[in-house]
Amino acid sequence: MLSYRHAFHAGNAADVVKHTVLAFCLDYLAKKETAFAYIDTHAGAGAYNLEEGYASQNREWESGVSLVLKKFPGNAPLAGRPRDTDGGENSPLMAPYLACLKTGFGALRYPGSPLIAKGLLRKQDRAHCFELHPADFAALDHTLKGDTRFSVQCEDGLSALKGLLPPPQKRGLIFIDPSYEIKDDYTKIPLVLEECLRRFPGGLYLLWFPLLRQDSPGAAASRNLDLGLPGLDTKRRCILSVQQKGDRLGRGLYGSALFIINPPWTLKAALDRELPALASLLGLDRDVRWEEHRVAK
Ligand code: SAM
């Protein structure tokens with residue numbers, strides 16, 4: 001039985017970075033008229049009310065999305081905000097994410113990855129979302145009810161993924177955002193990615209993983225992901241991480257990273273320009289590595 005609930009962490013600094021890049025990539029795919037597929041293997045509950053339930057306990061969002069909304073107050077949901085405040089119009093990296101906050105943030109309702117996709121998919125696009133936790137699945141199913149572009153299933157997303165590739169649209173973003181509660185995830189993911197790339201080498205893949213202090217269970221496996229999965233055959237990839245300042249001794253998480261395969265060509269300039277300010281706003285260090293044409297040995 002899964003016990004991880006994303007609501008505890010909704011809108012925290014890691015979510016901000018991950019959802020900023022996700023929204024940027026979806027927006028990039030949507031710039032071309034032809035349809036694309038979005039596959040979310042670990043979709044979560046879809047939307048999170050930050051002032052209630054789990055999200056209100058540790059209030060992790062106060063050091064995440066709250067800071068973003070203070071910097072870009074034009075996206076605050078509250079009525080009566082000044083009209084000429086910064087809404088992120090001059091921030092190509094942040095703009096798609098900020099637009100999703102504006103529509104999703106009604107009563108401090110933070111949009112998870114499926115709602116970000118809902119905001120950015122067009123009528124010709126299709127989405128498959130998987131969520132194994134029964135309560136989060138029910139919430140997600142309810143939130144997406146009536147949107148015929150979305151299929152939502154209470155199934156193992158990692159196992160279902162390969163059956164969906166290549167997508168009929170021949171264009172697609174695959175978002176893999178496990179909780180790593182099941183320790184097998186670390187060993188499964190490289191194999192799943194290998195198979196996915198064989199079936200759909202041109203897909204845009206976004207994998208999230210935690211950066212773990214050296215004595216944490218899973219630290220070596222997470223380090224392997226951070227090394228960029230030696231052995232995986234890709235044309236272009238990027239590993240982007242944000243990290244707490246200070247040492248890496250002991251246990252627990254010191255940061256998080258995104259492994260992006262076939263990133264949009266516009267992402268590098270956007271990250272160069274805006275990631276330093278975003279990381280500094282969140283009080284984090286950042287690191288971005290790009291690699292071209294890595295071929296498996
Ligand atoms: N992607 C979400 C977002 O950005 O808003 C957050 C997802 S959360 C990090 C991971 C979710 O995956 C949890 O809700 C967990 O219940 C679910 N989960 C864990 N293993 C899964 C699996 N094999 N297939 C589908 N869902 C899984």
Side-chain angles (χ1 to χ4, degrees), residues 1-26 38-50 53-55 58 60-61 64-65 96-97 100-101 104-105 109-121 127-144 150-164 173-189 191-193 195-196 205-212 218 222 225 242 253 255-260:
M1 178 68 185
L2 295 168
S3 59
Y4 175 91
R5 307 304 297 274
H6 193 68
F8 282 106
H9 312 292
N12 69 7
D15 256 14
V16 167
V17 175
K18 147 169 100 179
H19 291 152
T20 294
V21 175
L22 173 65
F24 182 92
C25 292
L26 286 168
Y38 170 68
I39 304 172
D40 194 331
T41 56
H42 298 72
Y48 304 91
N49 191 332
L50 299 183
Y54 298 142
N58 299 332
E60 291 188 17
W61 50 274
V65 67
Y97 172 62
C100 294
L101 291 183
F105 221 80
R109 188 168 174 258
Y110 184 77
S113 50
L115 273 207
I116 286 175
K118 185 175 165 66
L120 291 163
L121 263 59
H128 298 269
C129 296
F130 298 92
E131 172 51 49
L132 265 186
H133 194 290
D136 283 355
F137 167 75
L140 179 64
D141 197 38
H142 178 75
T143 300
L144 293 173
F150 280 76
S151 116
V152 184
Q153 279 155 59
C154 192
E155 275 178 38
D156 175 354
L158 280 182
S159 304
L161 178 54
K162 65 175 192 270
L164 294 169
L173 191 159
I174 295 93
F175 183 45
I176 306 176
D177 183 20
S179 42
Y180 297 91
E181 180 183 357
I182 305 163
K183 291 299 166 216
D184 267 19
D185 282 349
Y186 284 113
T187 41
K188 264 194 198 161
I189 281 164
L191 303 173
V192 167
L193 278 178
E195 176 68 23
C196 289
Y205 296 85
L206 221 62
L207 167 72
W208 182 91
F209 61 93
L211 298 175
L212 299 171
S222 118
L225 292 178
V242 283
L253 191 139
S256 66
L258 282 170
F259 184 16
I260 313 165

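Indexing begins at 1, ligand by ligand and atom by atom, following the structure's order.
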Aromatic ring proximity Tyr110/Tyr48, centre distance under 6.0 Å: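 That pair fails the under 6.0 Å test.
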Quick check on the 6.0 Å ring-centre criterion: do Phe24 and His19 meet it?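 Centroid distance Phe24-His19: not below 6.0 Å, so no.
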Closer than 3.5 angstrom, by distance alone: can the side chain of Tyr38 be matched with the main-chain N or O of Pro114 as a donor-acceptor pair?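 Such a contact is absent between Tyr38 side chain and Pro114 backbone.
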N/O to N/O under 3.5 Å, ligand 1 against protein:
residue: ligand 1; atom: 1 (N); partner: His42; partner atom: O; Å: 2.8
residue: ligand 1; atom: 1 (N); partner: Ser113; partner atom: OG; Å: 2.9
residue: ligand 1; atom: 1 (N); partner: Asp177; partner atom: OD2; Å: 2.7
residue: ligand 1; atom: 4 (O); partner: His19; partner atom: NE2; Å: 2.7
residue: ligand 1; atom: 4 (O); partner: Ser113; partner atom: OG; Å: 3.2
residue: ligand 1; atom: 4 (O); partner: Asp177; partner atom: OD2; Å: 3.2
residue: ligand 1; atom: 5 (O); partner: Ser113; partner atom: N; Å: 2.9
residue: ligand 1; atom: 14 (O); partner: Glu131; partner atom: OE1; Å: 2.8
residue: ligand 1; atom: 14 (O); partner: Glu131; partner atom: OE2; Å: 3.1
residue: ligand 1; atom: 16 (O); partner: Glu131; partner atom: OE2; Å: 2.6
residue: ligand 1; atom: 23 (N); partner: Asp156; partner atom: OD1; Å: 2.9
residue: ligand 1; atom: 24 (N); partner: Gly157; partner atom: N; Å: 2.9
residue: ligand 1; atom: 26 (N); partner: Leu132; partner atom: N; Å: 3.2

Among Leu140, Ile39, Thr41, which residue satisfies the side-chain contact (heavy atoms from CB on, under 4.5 Å) criterion with Cys129?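 The option that passes is Leu140.
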side-chain contact (heavy atoms from CB on, under 4.5 Å) partner of Tyr97, the single match among Val21, Val17, Val65: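 Checked Val21, Val17, Val65 against Tyr97; only one passes side-chain contact (heavy atoms from CB on, under 4.5 Å): Val65.
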Which class fits the ring pair Tyr4 and His6: parallel under 30°, tilted 30 to 60°, perpendicular over 60°?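 Taking His6 first and then Tyr4, their aromatic rings sit tilted (interplane angle of 30° to 60°).
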